[in-house]
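Note sheet for the following structure.
Below, chain A is the first sequence line, B the second, and so on; all start at residue 1. Atom set for the values below is all heavy atoms of this structure, side chains included, hydrogens, waters and symmetry mates excluded.
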Amino acid sequence: MLGLGPEEWAAVGLSLRVSIVATLAILPLAIWVAHLLARREFVGKGVLNALVLLPLVLPPVVTGYLLLLTFGTQGAVGGFLSNLGIVFAFRWTGAALAAAIMAFPLMVRAIRLGFEASDPKLEQAATTLGATPWRVFRTITLPAALPSVIAGAVLGFAKAMGEFGATITFVAAIPGQTQTIPSAIYAFLQVPGGESQAGKLVLVSLVIALGAVAVSEWVARKVAGRRA
Amino acid sequence: MLGLGPEEWAAVGLSLRVSIVATLAILPLAIWVAHLLARREFVGKGVLNALVLLPLVLPPVVTGYLLLLTFGTQGAVGGFLSNLGIVFAFRWTGAALAAAIMAFPLMVRAIRLGFEASDPKLEQAATTLGATPWRVFRTITLPAALPSVIAGAVLGFAKAMGEFGATITFVAAIPGQTQTIPSAIYAFLQVPGGESQAGKLVLVSLVIALGAVAVSEWVARKVAGRRA
Amino acid sequence: EDVVIFAASSLKTALDEVTKGLPVRISYGGSGLLARQIMQGAPADIFFSANEVWMDAARDAGAIRPESRLELLSNALVIVGHEAVPFEDMLASDGRVATGLAATVPVGIYAKAYLERAGHWNTIAPRLVETDSARAALALVARGEVPFAVVYASDAAAEPAVHVIHALPELPDLPIRYPVALTASAKPEAEAVMEALQSDTARTIYSAHGFGVP
Amino acid sequence: MSVSVQITQRLGDFALDASFESEGGVTALFGPSGCGKTSIINAIAGLSRPDAGHVRLGDQVLFNSATGVFVPPHKRRIGYVFQEPRLFPHMSVAQNIGYGRPNQLYSTRGDGGLAVLGIEHLLERYPRDLSGGEAQRVAIARALTSQPKVLLMDEPLAALDDARKTEFLPYLQALVAKTSIPVFYVSHAMSEVAQLADHLVVMRDGRVARSGALAQLLSDPAAISDIGVREAGAILNVTVAQADASDGLSVLATSAGRLFLPKVQAEDGTAMRVRIRASDVILSKDKPDGLSALNILPCKVTQIHEGQGPGVAVALRSGEDALMARITRRSARTMGLTAGLSCYAVIKSVSVAPTDMGGRGTESRVAQMP
Amino acid sequence: MSVSVQITQRLGDFALDASFESEGGVTALFGPSGCGKTSIINAIAGLSRPDAGHVRLGDQVLFNSATGVFVPPHKRRIGYVFQEPRLFPHMSVAQNIGYGRPNQLYSTRGDGGLAVLGIEHLLERYPRDLSGGEAQRVAIARALTSQPKVLLMDEPLAALDDARKTEFLPYLQALVAKTSIPVFYVSHAMSEVAQLADHLVVMRDGRVARSGALAQLLSDPAAISDIGVREAGAILNVTVAQADASDGLSVLATSAGRLFLPKVQAEDGTAMRVRIRASDVILSKDKPDGLSALNILPCKVTQIHEGQGPGVAVALRSGEDALMARITRRSARTMGLTAGLSCYAVIKSVSVAPTDMGGRGTESRVAQMP
Ligand SMILES: Nc1ncnc2c1ncn2[C@@H]1O[C@H](COP(=O)(O)OP(=O)(O)OP(=O)(O)O)[C@@H](O)[C@H]1O
Ligand SMILES: Nc1ncnc2c1ncn2[C@@H]1O[C@H](COP(=O)(O)OP(=O)(O)OP(=O)(O)O)[C@@H](O)[C@H]1O
Ligand code: MOO
Ligand SMILES: [Mg+2]
Ligand SMILES: [Mg+2]
């Protein structure tokens with residue numbers, strides 16, 4: 001189909017898996033940090049803010065390199081984790097980690113907007129009805145921020161799909177294991193005349209983006225449903 | 001200072017210029033498209049939505065190539081523009097163009113959230129007071145979306161600062177002309193032992209990110225000021 | 001106005017030293033990228049490629065002056081290890097082997113051809129970790145993330161944290177060459193720089209960085 | 001300016017099918033919660049587009065489904081006081097108030113309305129620092145300041161205290177008289193409606209249950225169930241005979257005799273109207289003596305209207321004016337009231353509150369507005 | 001349950017410095033817009049933390065700046081009807097109402113409150129599809145359903161029509177009587193307050209101008225300027241003598257004679273209280289005859305209170321009950337009224353509206369609530 005070989009289809013499947021896992025796995029953390037940034041005042045908030053943006057500001061290769069230093073089997077965290085049997089290096093999980101980290105700033109920023117826009121008066125109303133802060137968060141604040149969460153997830157997913165620099169630096173491109181669509185496209189572009197093969201994968205990316213948009217709009221509509 | 005040479009400082013200056021110009025230049029378009037996506041229903045909305053996400057989904061190198069093919073002096077648009085004396089390829093303006101395009105999806109998505117959250121009841125109120133749709137947009141809708149616009153601008157600026165793949169592909173990395181911080185970092189990383197030089201530039205990036213965050217938070221506070 | 005050189009990334013250390021004091025600006029990148037950019041009218045005066053394929057492509061596109069082309073440097077492939085283990089042990093182990101994308105990135109293409117000819121490809125292929133550049137592969141070994149890598153001798157020479165455990169013999173029909181040429185749009189001043197790139201001092205520096213100077 | 005509204009519109013399960021005409025002035029929309037008052041106002045404002053019908057103010061057609069006319073809201077020059085304040089949160093009170101006239105510098109002192117509304121000290125504030133009633137007053141000021149050609153007010157005084165209402169209603173009345181713009185006024189308080197409105201539209205379940213001139217409906221015994229027992233009553237046309245009589249009273253002349261009322265702010269000779277609630281009238285067969293009530297008018301029973309409750313509405317003629325009394329059925333029987341009987345209406349002077357006296361567009365009242 | 005509130009708080013330029021105590025029941029907060037009513041309610045709810053003072057309900061201290069006690073709002077078990085509805089937009093009406101008791105399935109039919117509020121047909125709707133009054137009623141239901149230990153109601157009926165109020169107030173009254181939770185009730189409508197409240201706190205500019213038992217304040221001539229001319233009056237303790245007399249009337253026994261009122265829903269012998277507005281009382285030196293007013297009580301003038309206006313408040317004793325009449329100064333002079341004088345109070349039966357008759361926690365009223 002489309003004249004793509006099994007390796008390319010494997011890359012497509014892997015990209016989807018990596019992006020979905022990365023997005024879903026980092027989402028709770030992104031929500032937490034976004035809420036922190038939107039609603040709390042604390043020392044070092046500015047620094048946290050900047051740290052969150054860092055993966056966006058740094059060239060992806062650097063992020064990949066830092067990941068390697070940290071989460072590689074020889075790295076501080078990676079060494080510890082590998083004792084626990086959790087290995088990122090040269091696994092699809094590593095690609096997901098890289099994608100998640102690159103997607104993180106986009107998600108946090110978008111979700112934070114939702115928390116900032118949510119009406120504290122409604123939270124007060126819930127509080128008077130006996131809801132604990134945690135219940136208020138779950139039932140009022142988070143639903144109010146849901147459009148932003150969806151937007152953040154879409155941004156994150158898209159970024160994860162397109163992530164290349166950090167991924168190839170951190171986990172290289174082992175076909176079927178860590179070779180994502182972008183790595184495959186990159187590979188094609190390295191040979192003279194590889195453009196048409198690369199173009200097909202670009203097309204696949206576009207279709208996936210369309211799908212992601214369609215799903216997210218559908219969810220958003222479902223969720224927004226009957227609100228004011 | 002910091003042990004960075006003039007070439008590196010030139011890269012820092014260039015990155016700042018490129019990012020600021022890119023962010024400001026693309027902002028009006030991002031606002032327009034975001035408003036379109038948030039408030040209008042039209043055929044092809046899904047496709048526009050996906051197209052906006054595309055620079056995020058594609059590996060940056062591909063975006064760079066597409067830019068090169070389109071805006072290069074040999075390219076369709078580039079050839080036409082160069083007759084008018086407007087040249088992007090291998091100029092800092094091209095770096096700005098690449099940065100703008102990469103930043104675009106982030107900005108649109110964030111700003112769109114603002115438009116979606118802004119209260120149509122207030123717009124109705126303005127309408128009854130005789131405000132034309134354009135005045136309503138300027139004085140009610142846009143101010144309501146301002147936190148999102150700021151968030152979008154920050155995301156866009158950060159992405160522009162970190163943009164590497166598309167930039168180096170489109171305008172190469174000619175020191176003092178088109179070599180941005182990420183290109184310089186990349187070059188250092190190509191040399192064994194270049195890590196410490198690269199690290200210094202990473203630090204500079206971090207400081208700039210901190211500055212951007214500080215400025216944006218300050219503006220946001222100023223703007224949010226006394227609202228409900 | 002400065003002379004602009006588009007050079008393969010792997011040349012950076014050597015070339016920075018060679019051109020010290022010269023009125024040049026060097027844009028480093030992958031050879032394929034640089035070639036495409038030159039074909040698209042990049043303001044480069046000199047193209048210094050890491051392989052002949054992309055120089056040929058540029059030539060076919062009329063982007064360089066063929067008469068100025070010179071196969072200035074050569075390189076060799078070596079197998080490096082994080083530890084200095086005997087080559088036999090390396091072959092016998094199941095440790096991963098990093099190198100550039102075997103299908104596309106120059107170092108990977110060479111590695112595949114050289115290993116095939118040496119009869120080691122089938123043992124090594126399943127253990128490959130493919131990267132986007134030789135430097136990335138080298139870094140993996142230097143960090144100890146991957147025990148072995150197939151890289152250029154010049155890279156290996158620059159990295160103290162790796163040990164050369166085997167040098168692959170050069171294939172006469174697929175020599176590793178670094179051609180340099182003036183681009184079609186080269187400024188007159190570029191000729192002098194071309195001279196400087198070939199000077200004896202320059203050759204000494206290249207050698208010191210592990211390149212062959214045929 | 002005559003006004004004609006006819007609207008058919010579906011809103012979920014709710015079907016609005018309302019039509020009424022009025023001669024302009026203040027048209028009050030009255031009816032239980034959820035009966036469709038806001039929906040009608042929104043259609044007049046152009047914020048919703050009815051499925052069918054028309055909205056006509058004077059000779060201007062704002063909407064007509066038959067001809068496809070739909071003037072967009074920003075061209076209708078409406079001043080709309082919404083049911084909730086809807087202030088712009090990013091603008092100060094002064095900016096909110098000035099929004100409707102962007103080209104004129106809003107002079108904070110120039111408009112008496114600010115003083116009447118008691119918001120002069122709030123101009124620098126932002127909406128979130130206002131109390132509920134303060135926000136509502138700012139919303140009123142914003143709508144009035146836009147120099148509208150039609151005023152839509154959806155329960156504008158619901159959050160205000162009586163003192164404020166008492167101050168504001170005459171101001172509004174004078175403003176309407178001066179500018180003669182049509183006003184659509186939604187309220188649950190018949191006392192407000194009775195003071196302000198010229199025309200009353202009573203709604204029920206999306207339909208117009210009753211529509212007519214206010215004075216007529218208020219004094220129509222058959223309308224009592226719609227108007228409410230406490231608010232039904234007659235409107236007397238009076239002339240100020242002696243505005244500044246002794247004891248803080250004014251003397252007003254009616255066609256059948258004199259009335260003593262708390263001092264009115266008008267010159268002698270001014271024509272006014274005074275509302276006398278049916279429940280504030282006591283009937284006596286003989287002229288009573290030694291009562292604390294100052295106002296005793298001779299009259300004749302014209303009709304007795306029995307409802308379901310224990311009360312009956314007695315329509316009376318006093319000189320050329322109509323009056324109405326609401327008394328118990330038992331009293332009516334005991335007194336032997338029948339149509340044609342002569343009797344006396346006893347009206348407590350203080351039961352006619354100041355808010356119940358409206359000037360009919362008389363210059364004297366307009367002139368003394370704050 | 002006794003209640004003690006003392007709050008000092010700065011809000012921008014506004015200084016709140018209020019303190020009052022009450023014996024529990026319904027405490028009404030009354031005062032002009034912007035005087036600090038909502039601010040006090042918020043402090044009781046724990047939504048704002050005063051700079052100093054305390055909030056005590058019975059023996060539970062919710063806040064005390066001296067000891068640093070501050071019970072967080074979600075532990076206070078309050079039912080708060082905000083000044084604006086504040087419904088959760090992403091939840092249906094049923095979900096909104098059920099929010100306060102998450103662990104119980106909200107039975108839509110089980111609670112008469114839904115019927116009284118007229119929102120049973122709205123349960124599946126979302127807030128944006130509600131009218132202003134409907135939203136307010138849902139907010140009331142939500143607060144009541146959370147089984148609060150204290151009820152805070154900030155102008156809960158402002159957007160409701162009289163018919164709805166008339167239905168709801170007795171329900172609320174019965175609920176309060178049954179559960180005996182303290183209620184803080186903000187309203188601009190003294191008629192609501194007069195019917196519902198046990199204790200009245202009159203506020204002005206952030207301070208408590210007057211605080212006391214409602215019955216006492218309403219019948220205190222000195223308090224008229226705070227209460228308003230139309231609402232001042234006495235509360236009579238009565239016993240139902242004959243609930244179902246002829247002509248749709250009930251006969252109530254007072255200490256000085258019988259009163260005829262529109263039929264009350266109570267059994268014979270029930271103790272009730274009835275409010276008689278001062279402005280609804282006419283005085284007569286001699287026993288009047290042939291009047292349509294059925295209720296004539298003999299009484300004695302105890303005090304004459306002159307204000308600035310044209311009216312005077314006359315305090316009366318009728319049997320063991322206090323009454324008040326508001327008449328013009330001129331009448332008082334003409335009649336030669338002085339303390340100690342005997343006279344007759346004429347009360348129009350229908351002027352005592354049903355909403356003015358509150359049962360004092362009597363079982364009979366509680367039982368017949370819908
Ligand atoms: N943050 C603030 N800054 C300045 N003034 C404030 C602030 N919050 C409240 N106020 C003022 O405090 C006063 C009391 O407000 P509050 O909401 O308690 O009034 P209220 O009695 O409930 O009035 P209403 O009947 O209009 O609702 C008002 O004058 C208001 O303007
Ligand atoms: N989108 C909708 N879907 C279903 N019902 C709706 C919708 N919008 C309005 N309604 C219903 O239409 C009716 C009329 O609403 P409207 O707001 O005009 O009432 P109202 O007379 O202004 O009432 P209130 O005095 O309570 O403000 C209400 O019963 C309301 O529930
Ligand atoms: O430039 Mo990147 O390579 O954004 O992933
Ligand atoms: Mg309404
Ligand atoms: Mg308030």
Side-chain angles (χ1 to χ4, degrees), chain B residues 27-28 31 34-36 38-42 110-154 215-228, chain D residues 38 41-48 62 71-93 95-104 106 124-130 135 138-154 184:
Chain B
L27 194 56
I31 289 174
H35 191 253
L36 215 61
R39 291 294 177 87
R40 296 284 158 89
E41 290 305 324
F42 49 91
I111 296 170
R112 182 181 153 180
L113 284 174
F115 287 132
E116 277 167 352
S118 123
D119 186 356
K121 291 190 168 177
L122 295 182
E123 297 173 8
Q124 286 186 343
T127 303
T128 64
L129 291 165
T132 58
W134 169 233
R135 182 161 180 248
V136 172
F137 178 79
R138 271 187 305 119
T139 57
I140 309 294
T141 317
L142 194 56
L146 218 48
S148 293
V149 172
I150 293 169
V154 170
V215 168
S216 75
E217 300 284 311
W218 180 79
V219 173
R221 204 156 298 158
K222 214 92 206 177
V223 156
R226 323 239 0 212
R227 299 187 189 195
Chain D
T38 301
I41 298 279
N42 279 337
I44 296 173
L47 296 181
S48 76
L62 295 181
V71 179
H74 68 276
K75 294 210 176 115
R76 295 193 181 190
R77 303 238 7 231
I78 37 190
Y80 189 165
V81 181
F82 293 87
Q83 200 167 357
E84 69 281 2
R86 294 204 193 181
L87 300 181
F88 306 130
H90 58 293
M91 298 184 190
S92 69
V93 167
Q95 288 170 320
N96 265 283
I97 294 176
Y99 191 86
R101 26 181 220 205
N103 300 322
Q104 270 166 280
Y106 184 66
E124 307 299 315
R125 294 252 196 101
Y126 279 76
R128 74 155 176 197
D129 295 337
L130 300 178
V138 172
I140 293 172
R142 183 176 66 174
L144 294 182
T145 306
S146 67
Q147 300 177 321
K149 285 200 176 147
V150 50
L151 205 48
L152 309 175
M153 308 185 88
D154 198 348
F184 294 85

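- Between D:Pro89 and the options B:Leu122, B:Ile140, B:Asp119, a side chain to side chain contact (heavy atoms under 4.5 Å, CB included) holds for only B:Leu122.
- D:Arg77 places no side-chain N or O within 3.5 Å of a backbone atom of B:Gly130 that could act as its donor or acceptor partner.
- Between atom CG of residue B:Leu129 and atom CG of residue D:Asn96 there is a gap of 9.0 Å, rounded to the nearest 0.5 Å.
- The NE2 atom of D:His74 sits 12.0 Å away from the OG1 atom of B:Thr128 when rounded to the nearest 0.5 Å.
- For the atom pair OH of D:Tyr99 and CZ of B:Arg135, the computed distance is 4.0 Å after rounding to the nearest 0.5 Å.
- Going from atom CZ of D:Phe82 over to atom NZ of B:Lys121 covers 9.5 Å, rounded to the nearest 0.5 Å.
- Looking at D:Leu87, the atoms closer than 4.5 Å to chain B (heavy atoms on both sides) all sit in the backbone: N, CA, C or O.
- Proximity to chain B (any heavy atom under 4.5 Å) is shown, for D:Arg76, by neither the backbone nor the side chain.
- Rounded to the nearest 0.5 angstrom, B:Leu142 CG and D:His90 NE2 are separated by 9.0 Å.
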